[in-house]
Amino acid sequence: MGDMIIRRAQFSDVEAGVYLGREIHGNDAAVDWLPFDDEKIHRLAQGWLTSRSFIVLVAEDFDLARYETWPTSVQEARTRRCKSTIGFFVGYRHRNASDGAWLADDVAMFVRQSKRGYLAAARLLLRFIDWARACECSEVCLGSSSGYVIREAGLDYQWLGLEQLGPYYRARLR
């Protein structure tokens, strides 16, 4: 088993994350908000990556990213990037209207269904929680996409520092 890293996403990673979500969920309503065309994906990526309130993380398999040759086309480079992407996570922080405290929520989480992918899921969630703590958030709330991955992966949500609230999860950081 090769190396895997969790890192902040770049513009090309957002495209790979969108395609990963579509690959995993097909035409399911879970991804119907994701854009199809390059221009809309680029605008989405720009909004996520330039805002200090968003964090976009990618889990990447280094073994698939190593090739003997350079890609011969942009399409081949995109295909290689998509193949090396194991997981993709988008989260954001916002102020709670009632008390003004910072809260962190997930927007989307897509993870390939493999043991390494589920390891990536746990690492993506822990990295998000660390980011939320560093941003002085009082609570992390994980909704339907992360909840789906947590349940499908059989992750021990308590080990991740989460408590279950029906189909959702949260972590109190203070």
Side-chain angles (χ1 to χ4, degrees), residues 6-59 85-112 117-174:
I6 306 294
R7 61 177 172 74
R8 281 190 174 248
Q10 303 166 357
F11 278 107
S12 56
D13 295 316
V14 173
E15 178 186 51
V18 167
Y19 291 137
L20 176 62
R22 292 202 175 284
E23 176 187 316
I24 291 171
H25 293 285
N27 291 325
D28 191 344
V31 295
D32 65 359
W33 60 273
L34 291 173
F36 278 97
D37 64 65
D38 289 344
E39 181 183 328
K40 288 181 181 176
I41 291 172
H42 183 76
R43 283 198 319 258
L44 182 67
Q46 191 171 19
W48 283 345
L49 298 177
T50 58
S51 172
R52 292 183 348 175
S53 293
F54 280 84
I55 185 168
V56 184
L57 300 169
V58 66
T85 302
I86 299 170
F88 182 74
F89 182 90
V90 180
Y92 72 103
R93 69 183 182 130
H94 60 93
R95 291 244 186 227
N96 185 349
S98 64
D99 64 5
W102 284 105
L103 302 177
D105 294 315
D106 63 332
V107 173
M109 181 177 192
F110 307 118
V111 180
R112 292 191 192 276
Y118 290 144
L119 173 61
R123 291 178 63 190
L124 286 166
L125 290 170
L126 290 172
R127 181 88 179 262
F128 175 59
I129 292 168
D130 287 344
W131 173 82
R133 188 174 285 116
C135 290
E136 299 180 359
C137 292
S138 61
E139 193 171 291
V140 168
C141 303
L142 300 170
S144 56
S145 66
S146 296
Y148 172 82
V149 172
I150 290 168
R151 286 185 300 280
E152 287 296 307
L155 295 177
D156 183 352
Y157 63 88
Q158 292 173 329
W159 181 85
L160 293 169
L162 303 171
E163 61 182 284
Q164 189 171 13
L165 303 168
Y168 307 110
Y169 298 88
R170 85 168 164 204
R172 294 186 189 268
L173 303 180
R174 293 189 213 171

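- Ring orientation note: the planes of Phe88 and Trp48 are tilted relative to one another, at an angle of 30° to 60°.
- Side-chain N or O atoms of Arg95 include one that pairs as donor or acceptor with a backbone N or O of Gly100 at under 3.5 Å.
- In this structure, Ala121 and Val149 approach most closely via the heavy-atom pair CB-CG1, 3.6 Å.
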Test log, rule side chain to side chain contact (heavy atoms under 4.5 Å, CB included), inputs Gln46 and Val14: CA-CA 9 Å; Gln46 191 171 19; Val14 173; over 6 Å; no

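- Asp99 meets the salt bridge (Lys or Arg N to Asp or Glu O under 4.0 Å) test with no other residue; sequence neighbours excluded.
- Within the structure, the side-chain hydrogen bond (donor to acceptor under 3.5 Å, both in side chains) test picks out no pair touching residues 49-58 (sequence neighbours left out).
- Environment of CZ in Phe54: crowded, with over 12 heavy atoms of neighbouring residues, nucleotides or ligands closer than 6.0 Å.
- Proximity of a side-chain donor or acceptor of Asp106 to a complementary backbone N or O of Gly143 within less than 3.5 Å is detected.
- Here Arg8 pairs with nothing under the salt bridge (Lys or Arg N to Asp or Glu O under 4.0 Å) rule; sequence neighbours left out.
- Distance check, rounded to the nearest 0.5 Å: CG of Leu44 to CD of Glu39 gives 12.5 Å.
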Distance-only check: which donor-acceptor pairs under 3.5 Å involve side-chain atoms of residues 122-142, not counting sequence neighbours?
residue, atom, partner, partner atom, Å
Arg127, NH1, Ile6, O, 2.9
Ser138, OG, Trp102, O, 3.3
Glu139, OE1, Arg172, NH1, 3.3

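- Residues Ser146 and Phe89 come closest through the heavy atom pair OG-CE1, 3.6 Å.
- Asp37 is linked by a side chain to side chain donor-acceptor pair (under 3.5 Å) to nothing, counting only residues two or more places apart in sequence or in another chain.
- Between Phe11 and Ala45, the closest heavy-atom pair is CD2-CB, 3.5 Å.
- Atom OG of Ser12 is separated from atom CD1 of Ile41 by 12.0 Å, given to the nearest 0.5 angstrom.
- Classification of Arg7 and Asp13 as a salt-bridged pair holds, one side-chain N sitting under 4.0 Å from a carboxylate O.
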Determine, step by step, whether Ile55 and Val90 satisfy the side chain to side chain contact (heavy atoms under 4.5 Å, CB included) criterion, reporting the C-alpha distance in whole Å, the side-chain angles of both residues, the deciding distance to 0.1 Å, and the verdict. CA-CA 6 Å; Ile55 185 168; Val90 180; over 6 Å; no

Return a table of donor-acceptor pairs under 3.5 angstrom between the side chains of residues 150-164 and protein atoms on other chains or two or more places apart.
residue, atom, partner, partner atom, Å
Arg151, NH1, Gly147, O, 3.1
Arg151, NH1, Pro167, O, 2.9
Asp156, OD1, Gln158, N, 3.2
Asp156, OD1, Trp159, N, 3.3
Glu163, OE1, Arg170, NH2, 3.4
Glu163, OE2, Arg170, NE, 3.4
Gln164, NE2, Gly166, O, 3.1
Gln164, NE2, Tyr169, OH, 3.4

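- From Arg22, atom CZ reaches atom CG of Leu20 across 12.0 Å, with rounding to the nearest 0.5 Å.
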